[in-house]
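Notes to accompany the following structure.
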Amino acid sequence: MKEGKSTMKLTKPFTRTPLYWLILSLLCSLFILPSSASADDDVAKVVYHADFSDPRRFSAMLTSINNMVTHYQNELVEYDVRIVFVAHGIRFVTGDKLEGTPFAEDAELAERRDNLRGRLESLQSVQEVKLELCDITRSQINLDAEKLYEGVDSVPSGVVQIAELQNEGFAYIKIE
């Protein structure tokens, strides 16, 4: 060795070391592997099943939904709350008396219709509760879609819709 010069042994560059590859693979896995918590996990998802004709029962359901969404709003929890109307539930999404059908208006519904409609429309327009009607029910009684309350969406099959929503993580509630 000459004076003033040091010898340096050349080693593999860092990019060729096992530690480099371990760190690189860990960093990549953060971006490739699915996250265990998705954005949907932060949303409270609930589907109510309305297939009954009793206006008092429907009123109780509306109260339950209002209490639920008020709680979520107070706790700053995002929510997706839906009502799926099937069979007799069609009585609550139209002003039509449905005469000549199994779902015809009775005296109790006639007396409560305006109140129930106002509460339902408030849940839909103010609280953003989604209203979905089984199109099989509607078409079987030949009810024109224009006779439905504003904001009521048709789904091909109410029971299929409920099953699909449950498969997507929606809690199922039916007021008895």
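This structure is a prediction, so every number in the text was calculated from the model and none was measured. Side-chain atoms are counted along with the backbone in the values below, which use heavy atoms only and exclude waters and symmetry mates.
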Report task. Indicate whether any N or O donor in one side chain lies under 3.5 Å from an N or O acceptor in the other, for T94 and R138. Result -> no
Report task. Count the heavy atoms belonging to other residues, nucleotides or ligands that lie under 6.0 Å from CG of N67, then report whether that count exceeds 12. Result -> yes
Query raised in the report: Roughly how far, to the nearest 0.5 Å, is the CD1 atom of I173 from the CD1 atom of I83?
Result: 11.0 Å
Query raised in the report: Are Y72 and L165 connected, step by step, through hydrophobic side chains (Ile, Leu, Val, Met, Phe, Trp, Tyr) whose heavy atoms are closer than 4.5 Å?
Result: no
Query raised in the report: After noting the C-alpha distance and the side-chain angles of F170 and E164, does the key distance pass the side chain to side chain contact (heavy atoms under 4.5 Å, CB included) rule?
Result: CA-CA 9 Å; F170 278 70; E164 289 176 353; over 6 Å; no
Report summary line: Distance col, row N66:CG vs L62:CG, nearest 0.5 angstrom, shows 8.5 Å
Report task. Please report the C-alpha distance between V159 and C134 in whole Å, then the side-chain angles of each, then the deciding distance to 0.1 Å, and finally whether the side chain to side chain contact (heavy atoms under 4.5 Å, CB included) criterion is met. Result -> CA-CA 8 Å; V159 292; C134 173; over 6 Å; no
Query raised in the report: Are there more than 12 heavy atoms of other residues, nucleotides or ligands under 6.0 Å from atom CD of E108?
Result: yes
Query raised in the report: Atom CG of L98 and atom CG of L143: how far apart are they, to the nearest 0.5 Å?
Result: 6.0 Å
Query raised in the report: Okay, side chain of D106, backbone of L109: is any donor-acceptor separation there less than 3.5 Å?
Result: yes
Query raised in the report: Is atom CD of E146 surrounded by more than 12 heavy atoms (other residues, nucleotides or ligands) closer than 6.0 Å?
Result: no
Requested in this report: Can you measure from CD1 (I65) to CE (M68) and round to the nearest 0.5 angstrom?
Outcome: 8.0 Å
**Report entry** Heavy-atom side-chain contact between V155 and L133 under 4.5 Å
**Finding:** no
Report task. Could you tell me whether the side chain of E150 reaches within less than 4.5 Å of the side chain of E121, counting heavy atoms only? Result -> no
Query raised in the report: Would you find more than 12 non-hydrogen atoms of other residues, nucleotides or ligands less than 6.0 Å from E78 atom CD?
Result: no
Query raised in the report: With a 4.5 Å limit on heavy-atom distance, are the side chains of R57 and K174 in contact?
Result: yes
Query raised in the report: Any chain of hydrophobic side-chain contacts (each under 4.5 Å) joining Y48 to V77?
Result: yes
Query raised in the report: Do you know the tightest heavy-atom contact between M61 and A50?
Result: CE-CB, 3.9 Å
Query - Residues R56, R112; criterion side chain to side chain contact (heavy atoms under 4.5 Å, CB included); working and verdict - result: CA-CA 9 Å; R56 287 177 292 157; R112 293 174 173 242; 3.2 Å; yes
Query raised in the report: Distance only, no hydrogens: is a donor on one side chain within 3.5 Å (strictly under) of an acceptor on the other, for Y79 and Q73?
Result: yes
Report task. Give the minimum heavy-atom separation between F58 and F85, together with the two atoms involved. Result -> CE1-CE2, 3.6 Å
Query raised in the report: Would the number of heavy atoms belonging to other residues, nucleotides or ligands and lying under 6.0 Å from NZ of K147 be above 12?
Result: no
Query raised in the report: Given the rule that I, L, V, M, F, W and Y join up when any side-chain heavy atoms are under 4.5 Å apart, are I175 and V81 in one cluster?
Result: yes
Report task. Cation-pi check, R91 to F103: give yes when NZ or CZ is under 6.0 Å from the six-membered ring centre and within 45° of the ring axis, no otherwise. Result -> no
Requested in this report: Decide whether L123 and V47 are clustered together by the hydrophobic rule: side chain heavy atoms of Ile, Leu, Val, Met, Phe, Trp, Tyr closer than 4.5 Å, transitively.
Outcome: no
Query - Residues E168, K45: salt bridge by 4.0 Å N-O rule - result: no
Query raised in the report: Is there a donor-acceptor pair under 3.5 Å between the side chain of S59 and the backbone N or O of P55?
Result: no
Report summary line: When rounded to the nearest 0.5 Å, the distance separating CG of N115 from CZ of R119 is 5.5 Å
Query raised in the report: Please walk me through it: do V152 and E132 pass side chain to side chain contact (heavy atoms under 4.5 Å, CB included)?
Result: CA-CA 6 Å; V152 176; E132 301 175 337; over 6 Å; no
Report summary line: Between S154 and D135, the two heavy atoms sitting closest are OG-OD1, 3.6 Å
Query raised in the report: Is it true that D80 and K130 make a salt bridge, defined as a side-chain N closer than 4.0 Å to a carboxylate O?
Result: yes
Query raised in the report: Atom CG in L148, atom CD1 in I90: separation rounded to 0.5 Å?
Result: 6.5 Å
Query raised in the report: Do L131 and V46 belong to the same hydrophobic cluster, where Ile, Leu, Val, Met, Phe, Trp and Tyr are linked whenever their side-chain heavy atoms lie under 4.5 Å apart, directly or via other members?
Result: yes
Report summary line: Between P102 and H88, the two heavy atoms sitting closest are O-NE2, 3.4 Å
Query raised in the report: Of the non-hydrogen atoms in R113 and D96, which two are nearest, and what is the gap between them?
Result: NH2-O, 3.7 Å
Query - N/O donor-acceptor pair under 3.5 Å between S64 side chain and A60 backbone - result: no
